[in-house]
Amino acid sequence: MALGRSRSKRSSSTSSYASTITTVAFIAVCVIGVWMLTSNSVVPPQTTARKAELAAISAAVDEPEVTTSNDVQNNEPSNKKDQPVFEDNPGDLPADAIKSDDPKTINEQRNKQDSGDQGSAVEENSQGLKGKESGEEQEKQRENHTQVSEESSLTQNQQADQRNQEISQSDQGNQKTRNEESNENQEQTTASENGQNSHEQFPNQKQNEHQQREQHEKIDVGKHSHDSQNQELNGDQQPQKRENNKKSQNSKSYEDQQQQQQRQEDAGIQTTSRESQDEISEEDQKERLKQQRQRQQQEDSASSDEAQQKQHQFGDVTIPGIKQNEDKKSEKATEGVKIQAKNQQTHKESQGENNRITKTKHDTRTEDKSIETNSFPGGGTSGIPKESKESKRSWSTQATESENQKGRRKEGSDGKESLYGYSWALCNDRTGPDFIPCLDNEKAVKKLKTTRHFEHRERHCPEEGPTCLVPLPKGYKRPITWPGSRDKIWYHNVPNTILAEVKGHQNWVKVTGEFLTFPGGGTQFIHGALHYIEFIQQSVPNIEWGKHTRVILDVGCGVASFGGYLFEKDVLTMSFAPKDEHERQVQFALERGIPAISAVMGSQRLPFPSRVFDLIHCARCRVPWHADAGVLLLELNRVMRPGGYFVWSATPVYQKLEEDVQIWQAMSALTVSMCWELVTIKKDKLNYVSAAIYRKPTSNECYNQRKKKVPQLCMSDDDPNAAWYVPLQACMHKVPVDYNQRGSRWPENWPQRLQKPPYWLNSSQMGIYGKPAPQDFAADYEHWKHVVRKSYMKGLGISWSNVRNIMDMRAVYGGFAAALMDLDVWVLNVVNINSPDTLPIIYERGLFGIYHDWCESFSTYPRTYDLLHADHLFSKLKHRCKLAPVMAEVDRIVRPGGKLIVRDESDAIGEVEILLKSLRWEVHLTFSKDQEGLLSAQKGNWRPRTFAPRF
């Protein structure tokens, strides 16, 4: 029994002992599990905050004053692989906020701190036992650590935002220098803050220096990582970290000191005291930020001269808590940042100003077409001939020839005025989309004393050209291309039905749906212009359309069907008519693709040189040739070539009404006294009209044999070529008789006359470009053939099938127009009044042109040219008048979709480009080489919405 009881007690004791072990093990497992769960709950908030912090740092990583630092690392050499280095905000953070994100490192640090500072070892063996009290304390510490980490992360983000605002004014180009200065400033601030704790940090100074060396080695190796999630993020940001390693080195000492302070606090300081220390650190941090802002404001108020001094000293600025020498260093660093910011602003302003400067030695810029950058479009060099200064002595200009031009032109600007900030407005004129500034100047017309000689139809230009833009007609469309445009145009492009109502029965123009159609008739050729042209040829076979007769003048042209159909005969017709009750007749002609200008036989000479037209035509043109001593017919005598023909098809020739008979008698007497030969009077049986055809003499015999010297011969000093605002005179100029004098011989037949230098250009005369005149002529022709073939046809993106009406705004010999003769186009050559008077040469070679001053508006309707060509025009023009009105005039006369080609000096190209862009033109190409440039641009449909003051 006793033995049995003893066994029972032993068995019960064994069972109780096993149960106790099991319970203890279970509790230990629970404690470990709770501890692990608690540890996991601590890390994620810090990791999340760290990710937000990294995102903020990544956004500002290139900013100069944002510096980053590495987190605290384990100092034992044996654990270097487990010591990650983190890129954090600068080291102005609470001590507890600077911790590793790695749970393993956190555990090792805590174990070492507990074993070294408390003097007792808590073994974490297989039993994993810990006192309940110790677990609760650790849990509180972890919660405190989490709270501090979150607050530290928030503070870091706020600090990063604040610094980003301060950095936005600094220069990023000198980032490395400013980073070093910022780190130096940060060292001083850190040393000042930690001065009160120096008695605790000084014993650990050697250890801190050892830690810094280890950290430098770790940075060079680059073996730094976060936990598994942050490691991938740091891998993406590794290049940025390497750039910021220098930024973080100066803040590591402060971080190491904070780590040592944390270890001391873990040994004997309670959690509450640690929270108090964190609060103090945050307060210090706010104080430093406040002081930094105050210092920045004081620096901003300093003078610029003081800021540029190399010493960068601010003796009147004092910051509490910082030693004087440290203050000077800090001020020096921040002063450098300020100067760099000012330098950046100055650089930007200078750069912006340079972008506006129009002296563009800029590289090739192509938008639509690509041209080789090592060769000028059109040749291996610029290829633009230079005018010889010496040659100007041997060439007169229209300005000097026309004495009436003196005193008329108000001196323009020097071309140096600012070209920026133009705001365009629509022209506020009663004519709306048909505004012609020099013909619609109502103020000037009202001041005229008389309009008896059609003075109100002549040019009356404002002293300064308008800078407004002409509106588009409602429903405007791109014009129909040639040759279809000869027969029909869009009604809405020229929305006028007056001529259709008045002249429709004469087959001038008809309204057909959305088109205006042109049957090809006229007042004197109702059944078509072609029959009428053949009728003239049959009447005088020597006319020989397209061979002997090449360039003609059509007076009172109507809708210019006569000139339009003469293209089939290889004849070039200059048609003109006044802007009278037959409104828009010239606009109809130009819209059809037929050359025409708005002009009138009034009180002034026509803008053409003397002795240039092979034939002059007047079909019921309603000009009183016999009135005022025949002054208007004498003007035709001036511009007609000796031996040329005057075709007069009007009612006085074939009707027997009293008025017609009187006109015929007066006309007959006048032509006889002018020594014109009445070649024939022929009747057109189809059209029931007749035409009288006269011929101008080729010698002076008749002039000398006249019994009555009326009209008289002009004075010897009267220049027949003077044509710019020169009043008409009732006199005749003698016919040239010298064999080598212009007008003494008829030109070569067409087309030979196009390429052959005029017979009256002799080698003793210097040409425009410095060579003997005949060689100069030939070289100019070859130059433009090369440019057109190599550059204009291929390199400018122009669809030449859509081009019909062309103007050469500054022609010399007409080489550009001659180079385009194989195309179905016509070119109006404009010779500027201040340029050498080469317009007679242009006519001599079978081309045509006009005198003009581009400081004034041109005598044409808006939207009448497909292409304008300007060779060295604007560089010469800008010294006489402003370019803005000139470009407004270019915009006025070019059709939407039309082109502008400019060859000029580079600075002039730049100014034109700026103005074109302000007009919303599309600049397709600009090219510059050796101070010479090329520009190609296209007009769009843009029109401003506001109106300018009434013209």
Side-chain angles (χ1 to χ4, degrees), residues 473 475 477-539 545-546 552 554-578 580-598 617-622 647-651 654 682-691 804-805 824 826 861 864:
K477 299 181 180 180
R478 297 293 172 90
I480 299 172
T481 58
W482 182 270
S485 61
R486 187 187 67 178
D487 301 327
K488 66 179 181 179
I489 63 174
W490 296 110
Y491 166 77
H492 289 291
N493 288 12
V494 191
N496 188 287
T497 60
I498 295 178
L499 279 178
E501 296 169 359
V502 176
K503 295 292 186 178
H505 66 286
Q506 296 176 351
N507 287 331
W508 277 36
V509 57
K510 297 179 181 294
V511 179
T512 307
E514 60 180 350
F515 299 102
L516 291 171
T517 57
F518 301 87
T523 302
Q524 296 299 101
F525 42 93
I526 298 176
H527 297 286
L530 277 178
H531 169 78
Y532 179 71
I533 292 169
E534 291 295 339
F535 158 72
I536 295 173
Q537 172 76 61
Q538 292 172 2
S539 300
W545 296 120
I552 74 171
D554 188 14
V555 182
C557 61
V559 295
S561 290
F562 179 67
Y565 282 90
L566 274 172
F567 276 113
E568 297 185 6
K569 299 294 184 178
D570 240 355
V571 174
L572 202 57
T573 306
M574 172 65 75
S575 303
F576 76 93
D580 57 7
E581 61 271 14
H582 291 162
E583 198 170 349
R584 302 185 181 182
Q585 54 188 329
V586 170
Q587 190 176 19
F588 282 127
L590 289 164
E591 186 71 16
R592 298 173 67 188
I594 302 171
I597 62 169
S598 291
H617 173 256
C618 168
R620 197 92 175 260
C621 58
R622 302 191 308 164
V647 179
W648 187 37
S649 175
T651 55
Y654 55 90
K682 289 289 184 178
K683 184 176 183 179
D684 181 3
K685 297 180 180 180
L686 179 63
N687 292 311
Y688 299 100
V689 299
S690 296
R804 173 62 180 173
N805 305 354
D824 214 356
W826 58 269
Y861 280 85
T864 49

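- When side chains are defined from C-beta on, S649 counts as touching Q524, because their heavy atoms get closer than 4.5 Å.
- Remark: side-chain polar atoms of N496 are paired, donor with acceptor, to backbone N or O of I498 under 3.5 angstrom.
- I552 is listed as a side-chain neighbour of L566, based on a closest heavy-atom distance under 4.5 Å.
- Taking CD1 from I597 and OG from S575, the interatomic distance works out to 9.5 Å, rounded to the nearest 0.5 Å.
- Y688 meets the ring-ring contact (aromatic ring centres under 6.0 Å, His included) test with no other residue; sequence neighbours excluded.
- Aromatic ring centres of W508 and F518 lie farther apart than the 6.0 Å criterion allows.
- At a threshold of 4.5 Å between non-hydrogen side-chain atoms, the residues P519 and H527 do not count as touching.
- Looking only at side-chain heavy atoms (C-beta outward), I533 and F525 stay at 4.5 Å or farther from each other.
- For the residue pair P595 and T573, the shortest heavy atom distance occurs at CB-O, 3.6 Å.
- Looking at heavy atoms from C-beta onward, I480 lies out of side-chain contact with R592 at the 4.5 angstrom threshold.
- With salt bridges taken as basic N to acidic carboxylate O contacts below 4.0 Å, one links R486 and E568.
- Contact annotation: the side chain of T651 approaches that of R620 to within less than 4.5 Å [non-hydrogen atoms, C-beta and beyond].
- Taking the charged nitrogens against the carboxylate oxygens, K510 and E501 have no contact shorter than 4.0 Å, which rules out a salt bridge.
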**Request:** Check the pair D684 / H531 against side chain to side chain contact (heavy atoms under 4.5 Å, CB included), numbers first and verdict last.
**Result:** CA-CA 9 Å; D684 181 3; H531 169 78; 2.8 Å; yes
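- Taking the six-membered ring where the residue is Trp, F562 and H617 present parallel rings, their angle staying beneath 30° rather than reaching 60°.
- Across V586 and A577, no two heavy atoms sit closer than the pair CG2-O, 3.7 Å.
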**Asked** Under the side chain to side chain contact (heavy atoms under 4.5 Å, CB included) criterion, do L516 and V511 qualify, and how do the steps go?
**Response** CA-CA 5 Å; L516 291 171; V511 179; 3.6 Å; yes
**Full working for side chain to side chain contact (heavy atoms under 4.5 Å, CB included) between T517 and D487** = CA-CA 6 Å; T517 57; D487 301 327; over 6 Å; no
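- With rounding to the nearest 0.5 Å, the separation of CD in Q506 from OG1 in T523 is 4.0 Å.
- For the side chain to side chain donor-acceptor pair (under 3.5 Å) criterion with N493, the lone passing option out of E591, R478, Q587 is E591.
- Using modelled atom types, one finds no donor on one side chain facing an acceptor on the other under 3.5 Å when comparing D570 with W545.
- Two residues are said to be in side-chain contact when any heavy atoms from C-beta on lie closer than 4.5 Å; S598 and F576 fail this criterion.
- Once rounded to the nearest 0.5 Å, the distance linking NZ of K488 with OG1 of T512 reads 9.5 Å.
- The nearest pair of heavy atoms linking S561 to A529 is O-CB, 3.9 Å.
- Between the side chain of R584 and the backbone N or O of P495, at least one donor-acceptor pair lies under 3.5 Å.
- Between the OH atom of Y861 and the CG atom of L590 there is a distance of 9.5 Å, given to the nearest 0.5 Å.
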**Request:** Quick one: do K477 and E514 satisfy salt bridge (charged side-chain N to carboxylate O under 4.0 Å, His left out)? Show the steps, please.
**Result:** CA-CA 11 Å; K477 299 181 180 180; E514 60 180 350; 3.4 Å; yes
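- For the pair R804 and F567, the distance from NZ or CZ to the six-membered ring centre is under 6.0 Å and the angle to the ring normal is within 45 degrees.
- Looking at every heavy atom in both residues, I489 comes nearest to F588 through CD1-CD2, 3.8 Å.
- Using a cut-off of 4.0 Å between Lys/Arg side-chain N and Asp/Glu carboxylate O, E534 and K569 are scored as salt-bridged.
- Under the 4.5 Å side-chain criterion, counting only non-hydrogen atoms from C-beta, W482 is not in contact with N805.
- When every heavy atom of G520 is checked against every heavy atom of Y565, the shortest pair comes out as CA-CE1, 3.7 Å.
- The NZ atom of K683 lies 13.0 Å from the OG atom of S539; values are rounded to the nearest 0.5 Å.
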